[in-house]
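For reference, the structure discussed in these notes is given below.
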Amino acid sequence: MTLIKPQEKIALANRIGYDSIFQVVSDFYDAIKTHPTLAGPFGSVESWDEHKIKIAQFWFVVLGGKPAAAFHYDPVAKHFAAGFTAPLLEDWKTLFHGVLQSQLEAKLADEWFDRVELIGANLLRQNQRLVQQPPH
Ligand code: HEM
């Protein structure tokens, strides 16, 4: 029989906590603004304050938390429009990984990064489909 440890019943979002999730997101986008390859594509962001809140909510829900606001997301179309590519995804993940490791204890950082890998691979697959068949 496999024993489930009590902490594993609590969603990762709640084990990390919204405030720490927001802090990771905030530091990440502050670093994006001066990043050699990522700053350009993110030039479309008009309000960093709003973007940070929207993305912190995205991660809170993806990591199993209850949504506190009803944001509308259309990530596949938005990333296609932003010029998403496999090399940019690698840069994005490297930067995100560094922020996670500097802010969170290793186990929480690893568990969050597992979700990054899954979503990143999924975005890449969907983006490649759009590249082959651009929307009319
Ligand atoms: C695992 C990797 C990534 C995740 C989880 C992620 C997640 C997200 C999410 C949830 C949004 C909000 C989408 C919406 O408002 O509908 C977003 C927006 C955005 N992402 Fe990513 N992203 C990733 C990688 C990248 C990469 C590699 C780029 C580089 C082109 C990128 C560029 C952008 C831009 C420019 C926006 C803002 C679009 C806008 O509102 O104008 N993202 N991302």
Side-chain angles (χ1 to χ4, degrees):
M1 193 177 93
T2 312
L3 286 176
I4 299 172
K5 294 185 203 136
Q7 73 266 26
E8 283 167 6
K9 290 185 193 161
I10 301 169
L12 183 56
N14 297 113
R15 282 161 55 214
I16 298 173
Y18 181 78
D19 290 350
S20 297
I21 290 176
F22 183 84
Q23 201 54 54
V24 166
V25 167
S26 182
D27 284 8
F28 174 69
Y29 288 109
D30 286 345
I32 284 256
K33 290 178 204 170
T34 57
H35 188 279
T37 62
L38 294 167
F42 278 88
S44 64
V45 175
E46 283 170 17
S47 164
W48 285 104
D49 287 349
E50 281 173 27
H51 185 71
K52 286 177 179 180
I53 292 169
K54 188 178 191 186
I55 302 298
Q57 283 290 334
F58 168 82
W59 281 117
F60 188 71
V61 173
V62 163
L63 301 178
K66 288 212 175 78
F71 283 109
H72 173 73
Y73 298 95
D74 188 9
V76 177
K78 286 208 168 175
H79 286 103
F80 180 69
F84 183 99
T85 60
L88 286 174
L89 176 60
E90 286 310 309
D91 291 348
W92 193 106
K93 287 194 297 185
T94 301
L95 186 63
F96 202 84
H97 194 236
V99 176
L100 282 178
Q101 286 187 318
S102 71
Q103 299 252 349
L104 301 178
E105 65 177 76
K107 188 170 180 354
L108 296 177
D110 287 350
E111 284 184 50
W112 186 343
F113 197 70
D114 285 348
R115 305 307 293 265
V116 169
E117 293 277 26
L118 280 176
I119 295 171
N122 192 42
L123 279 175
L124 185 60
R125 247 190 326 270
Q126 308 230 42
N127 193 70
Q128 277 164 348
R129 202 170 299 159
L130 286 183
V131 169
Q132 282 152 14
Q133 259 184 337
H136 300 294

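Every number for a ligand or one of its atoms is a count from 1 in the order of the listing. Just so you know, these numbers come straight off a predicted model, no measurement behind them.
- With atom 29 (C) of ligand 1 as the reference point, the heavy atom nearest to it among V116, L95, L38 is part of L38.
- Considering backbone and side-chain N/O of S44, one or more are found under 3.5 Å from N/O of ligand 1.
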Decide ring-ring contact (aromatic ring centres under 6.0 Å, His included) for W92 and F84; before the verdict, give the C-alpha distance in whole Å, the side-chain angles of both, and the deciding distance to 0.1 Å. CA-CA 10 Å; W92 193 106; F84 183 99; 8.9 Å; no
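- Between the choices W92, F96, F113, F58, the shortest heavy-atom distance to atom 4 (C) of ligand 1 belongs to W92.
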Apply side-chain contact (heavy atoms from CB on, under 4.5 Å) to W48 and D30, showing your working. CA-CA 9 Å; W48 285 104; D30 286 345; over 6 Å; no
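- Given atom 34 (C) of ligand 1, the protein heavy atom at minimum distance is F42 CE2, 3.5 Å.
- Between atom OG of residue S44 and atom NE2 of residue H51 there is a gap of 8.0 Å, rounded to the nearest 0.5 Å.
- Taking a cut-off of under 4.0 Å to the non-hydrogen atoms of P41, the atoms of ligand 1 that pass are 30 (C), 35 (C).
- Every atom of ligand 1 is numbered from 1 in the order shown, and the set under 4.0 Å from a heavy atom of D74 is 14 (C), 16 (O).
- If you number the atoms of ligand 1 from 1 as listed, the ones under 4.0 Å from a heavy atom of L88 come out as 27 (C), 30 (C).
- Looking at atom 8 (C) of ligand 1, its nearest protein heavy atom turns out to be H79 CE1, 3.4 Å.
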Which is it for L118 and F113 under the side-chain contact (heavy atoms from CB on, under 4.5 Å) test, yes or no, and what are the steps along the way? CA-CA 9 Å; L118 280 176; F113 197 70; over 6 Å; no
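- Neither the backbone nor the side chain of F80 has any atom closer than 4.0 Å to an atom of ligand 1 (non-hydrogen atoms only).
- Numbered from 1 in the order shown, with element, the atoms of ligand 1 that lie under 4.0 Å from a heavy atom of L123 read 3 (C), 4 (C), 23 (C).
- From the protein, the heavy atom lying nearest to atom 39 (C) of ligand 1 is K78 CD, 3.9 Å.
- Under 4.0 Å is where a charged nitrogen must lie from a carboxylate oxygen, and between E111 and K107 at least one such pair does.
- Y18 places no side-chain N or O within donor-acceptor distance of the main-chain N or O of A56, the cut-off being under 3.5 Å.
- Judged by the 6.0 Å and 45° rule, K33 forms no cation-pi pair with F42.
- Interface atoms of ligand 1 facing I119, defined by a heavy-atom separation under 4.0 Å, are 5 (C).
- Of the candidates E90, H51, K54, H51 brings a heavy atom nearest to atom 18 (C) of ligand 1.
- Of the candidates L89, V45, I55, I55 brings a heavy atom nearest to atom 12 (C) of ligand 1.
- Interface of G120 with ligand 1, defined as ligand atoms under 4.0 Å from a residue heavy atom, comprises 1 (C).
- Not one N or O on the side chain of K52 forms a donor-acceptor pair closer than 3.5 Å with the backbone of D27.
- Counting non-hydrogen atoms of other residues, nucleotides and ligands closer than 6.0 Å to CD of E117 gives a total above 12.
- F28 has its ring centre no less than 6.0 Å from the ring centre of W59.
- Numbered from 1 in the order shown, with element, the atoms of ligand 1 that lie under 4.0 Å from a heavy atom of A82 read 30 (C), 35 (C).
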